[in-house]
Structures are given as C-alpha cells and as structure tokens.
There are 2 protein chains.
Amino acid sequence: MNEIKQSSPPATSNSEDNTLSGQTTIALREAIVTGQILPGEKLNEPKLAKQHSVSRGPLREAIRRLVSMGLVEHKPHVGASVIPLEVNRVIELYEVREALEGMAASLAATHMSEEGIGELKQLLELHRQHYQDNSGEYMQAEGDFDFHYLIIKGSGNALLTQQLCNELYHLIRMFRFQTSRFKARSNRALVEHEQLIYAIENRDSALAEMLMRRHISRAKESIRTYLTTEKP
Amino acid sequence: MNEIKQSSPPATSNSEDNTLSGQTTIALREAIVTGQILPGEKLNEPKLAKQHSVSRGPLREAIRRLVSMGLVEHKPHVGASVIPLEVNRVIELYEVREALEGMAASLAATHMSEEGIGELKQLLELHRQHYQDNSGEYMQAEGDFDFHYLIIKGSGNALLTQQLCNELYHLIRMFRFQTSRFKARSNRALVEHEQLIYAIENRDSALAEMLMRRHISRAKESIRTYLTTEKP
DNA sequence: AATGGCCAAATTGTTGACAATAAAGCCATA
DNA sequence: TATGGCTTTATTGTCAACAATTTGGCCATT
C-alpha cells in the first residue's frame, strides 16, 4: 500500500499496439531506458531479433521508432546504436523541456479544468505525506513525472503532449536512470510544485510559465554542475 | 538571378541517405507537403510501392518516418493516412513553435557567432531589397524559413534544431502550403526581423525571446482569425 | 616495419511470398 | 424493407531468403 499509483503517466503502458513491432518497441525501449543496453552500444539486428523471437522486419520497425524518440542513432549501411550519454545532450534536453513545459504550464493555467487542478492538489498532498513519512528520497523520480504529466495534459495541446510524453519522455527517463545516483532537491521540489499549483489555480499563465521554467532550469544547473565536476 | 539561395534551410535537400527508403521518404514527404496527396487521404501500401518502384519494405519504413514527423497518422491493422487539416492542429503547432523558437532566439542571442549574425544581416538586406523591387509577395514563404533557420541553427542546441528542422519543419510547410492563399504581413515581418537581429546583436536574450515569441504569436492569431472566419 | 590495396566475412538494405486482421458486400431472415 | 450475421476481399503484419554495402584483416610492396 506504500505504492504510488502508476496510472497517470504514460510510463511503460503506452498506447502502443499489440503487434509484434509494437511490443518489440516497448521491450527495446525499456531495455535501453533501464540500462540493460548501454549508451553507445550497437544494436545488432539478427541478434536482437533472435532475442525477442521476432524476425528482422518488426525489429527494424521498432528501431525506427526508437530513433524518432531520440533514444537511438542510425547511420545508413552502418546500423543503429543507443545514443551516447554526453553532458551536452542532457543540457540540451533540459533546455527543450524548459521551453515546452513552460508553454504547457502557461496553457494549463488558462485551459485546465477545475477537476484537473483538484487532481494536482491531491497528488501534491500525497507527495507531501510521503515526504514526511519516509526520508523523502524517491519522489524526485516517479513523483515528479506524475506531476509534470498532469500539467502537460492540462495544457489541452495535443501536439505538445505528444512531443513531451511520447518523444522526449523516454529520453528523460533514460538520462535520469543513468544519473540516478544523483538525488537531492526533494523538499525544494515540493515547494516549487505548490507554487505552481497556486499559479494555475489563479489562472496566472505568466507566473505559471515562469515557475515551471525556473523549476526545470534549476534542475538543469544542478545536473550540469554535478556532471561537469564529478565526471573526470 | 532573381532566385533566392536555397542553401541554408534543410528544405528538400535534407541529410537523408541514398537508400531506397530514404529517397522514398523524401518523395512521399514532398508529395504530402505540396498537396499531391491530400490531408486525410489514405496511404495504400501496394499502390504507393508500385508508384515509387520499390517494394513494401522500404515504403513502410518511409511511412514510419513520416509518422514521426507528424505528417501522417497510423492505426494498427488499419493503415496510415495524411494528417487532416484542422484549425486546432495549426494553432497547436504555432504554440509549440512559439515555445521552441523563442528558446532558440534566446540561446542564439547568447551563443551565435559574429559570423552568423553577419549572415542574418545579409539575409535581411536581401529581403528588404526584394520587398522594394517586387510587390513584396512571396518573402513570407521561402524567406521567412531561411531567417528562422539561421536563428535556430545559431542556438547551438542540436536537439532543438533537430526537433524544429527535421520533425516540425515539414508540418509547418504543409500547413503553410494548404493555407497559401493567405499572405499579407510582409512589411511588418521585415520590421520584426530587424528588431530581432538587433536584440541578438546586443546579446539581449530576454528581448530576443520575447520578440520571436511575439512574431510567431501574431502569425498564429492572424491564421486563427483567417481560418475561423472564412472557413464555413 | 609501415602503408597501400585487395579480399572475405559480417551486417544492413531489399524483395516477394505468406499469414492475420479488418472492412465491405451479400444473403437470409424478421 | 431494414437488419443481422456471414463470407469474401482487400489491406496490413510478418517472415525468410537474396542483394548490396561496409568493415576488418590479410598480403604484397616499398
């Protein structure tokens, strides 16, 4: 009962199909995100096809989808490989997130339903209690996703939601997994979430955007200093 | 000699490969963008494969890439079809552009090289002369792309550039083609571009972002009123 | 011993046939 | 005549074999 509900975010249970290529996409995606296939590692088609008990057709299709998610690079006549974990890429991802999720927060402040705002409050309360009970460790990982997902969905912009929740989402997950030793910032995040809800509740789109952007920008800077100092 | 250089933007000469699937992707993409295949139209695999003289394998791969560009929708066991042209989608696209290109302008103000700024000025001068000579009609289409592309590239953010120039770019082209009867705003665009260059030159990232966002937001509103009044 | 070109192995790109699913039309029945 | 279920047909999903390209290693030459 200590489990947080895994319903809201599109986590693993994406709206994928039940075709072989769809299932293979999910399997490969999770293998990459959870580090079973390492950054930079090459994706050998015959080998992976045998592993997943499919022919090369569906497997190639799965690889293509991973390319469109940004998890995999592909060079003609050479092959596909998991994207290497470079500091620059992480920074760039956070800059794109800042732009996109900032807009999402702004739109959510305008369009989000009262019901949606209620869900946000409910989630915040859940996180707050969990923070008091435990040492407040994990929330940064799973909990943050739920929160951001609700806001993105609340923007009412399907393209924006698609870009963030289907394309970039798994890239974020992967980077976060690879740098998971680095936690911190759990209490501050709680306060920042609270302020964000307040702004959305008051239909203050400019403030909501600013808070969201600052929220992400701070995370970016934390990661930047972490990755550039402890690396060599 | 009246032709504007087509070098800078990734227009048709994308960094695609020389494989069949790559060429088919380009061919199909252009057919969709230029309206040879209409919005909402279904993509019949055997028929298209025969048309382009390839087998269904590469063609399916091409379709998948178009899906990742947002030009095509795909339902399992049903098939792919060109995305329908709805007002909401256009508005949503402009909102995403506003967020992404706003960030690009901000980053460009910080990172763009003096040389890049020089190119911007050069391009602006070209547009200004063309506006004086002719009635200043087309610039909105081709010219605007060049300008925005230079700024996006100047951001130095590869992911951002990838998202805008490879994924969303052709969606913009398609919508712009489908609503091409609607021009206007040619002189104002010139002034707005001039202001933007000024902001970037002065390394004023906040101003650059604001001007770019307003630039796109205005275009959005123009299109919104145009599409919602003249439609029925 | 280092370098250059050539050959072979492994991997990717492509093809056509086969299987599974969904849409459309038909017939029977109420 | 309208409706429901069935059959047929067209289309998508999958497979295994074939062709083309790259990479790595080998040998000859300088």
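None of the values given here were measured: they were computed from a predicted structure.
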Is the phosphate of dG13(D) approached by S21(A) (side-chain N or O, under 4.0 Å from OP1 or OP2)? no
Can you check whether H74(B) has a side-chain N or O nearer than 4.0 Å to OP1 or OP2 of dT11(D)? no
Length of the line joining R65(A):CZ and dG13(D):C1', which is rounded to integer Å: 11 Å
Could you state the CG-P distance from L20(A) to dA16(D), rounded to the nearest angstrom? 12 Å
Does E92(B) use its side chain to pair, donor to acceptor, with the backbone of L159(A) at less than 3.5 Å? yes
Hey, does L59(B) reach any base, or is it just sugar-phosphate, or nothing, if we go heavy atoms under 4.0 Å? nothing
Just by modelled atom types, is the G102(B) backbone N or O under 3.5 Å from a matching donor or acceptor in the S106(B) side chain? no
Euclidean distance, atom NZ of residue K47(A) to atom P of dT11(C) [Å, nearest integer]: 10 Å
Let me know the distance between NZ of K75(B) and P of dT11(D), rounded to the nearest Å. 18 Å
Tell me the closest heavy-atom pair linking A108(B) and I200(B), and the distance in Å. O-CG2, 4.0 Å
Any side-chain to backbone donor/acceptor pair from E41(B) onto V82(B)? Under 3.5 Å, distance only. no
What contact category does K42(A) fall into here, base, sugar-phosphate, or nothing, at under 4.0 angstrom with non-hydrogen atoms? sugar-phosphate
For dT14(D), does either OP1 or OP2 sit under 4.0 Å from a side-chain N or O belonging to H52(A)? no
What are the two closest non-hydrogen atoms of M212(B) and A105(B), and how far apart are they? CB-CB, 3.7 Å
Output the distance between atom NE2 (H170(A)) and atom CZ (R65(A)), rounded to the nearest 0.5 Å. 11.5 Å
Counting primed atoms plus P, OP1 and OP2 as sugar-phosphate and everything else as base, spell out the protein contacts along nucleotides 18-25 of chain D at 4.0 Å heavy-atom distance: B, S or - for each nucleotide, 5' to 3'. ---SSS--
How are the rings of F145(A) and Y169(A) set relative to one another: parallel (under 30°), tilted (30 to 60°) or perpendicular (over 60°)? perpendicular
Just wondering, are more than 12 heavy atoms of other shown residues or ligands nearer than 6.0 Å to NZ in K121(A)? no
Just the rounded figure in Å: distance from C1' of dG13(D) to CG of N18(A). 11 Å
Degree of bending in the helix from dA1(C)-dT30(D) to dA30(C)-dT1(D) once both end axes are built from five pairs, to 10°: 10°
Between P of dG13(C) and CZ of R64(B), the distance in whole Å: 12 Å
Just checking G57(B): base, sugar-phosphate only, or nothing, at a heavy-atom cut-off of under 4.0 Å? base
Euclidean distance, atom CD of residue E45(B) to atom P of dG16(C) [Å, nearest integer]: 15 Å
Taking any heavy-atom pair under 4.0 Å as a contact, classify I63(A): base, sugar-phosphate, or nothing. nothing
Distance test, side-chain N/O of N44(B) to OP1/OP2 of dA10(D), below 4.0 Å: no
Within less than 4.0 Å of OP1 or OP2 of dT12(C), is there a side-chain N or O belonging to R60(A)? no
Round to a whole Å and report the spacing from NZ of K50(B) to P of dT15(C). 15 Å
Which heavy atom of A62(A) sits nearest to which heavy atom of S21(A), and what is that distance? CB-O, 4.0 Å
Does a side chain donor of either S113(B) or E115(B) reach within less than 3.5 Å of an acceptor in the other side chain? no
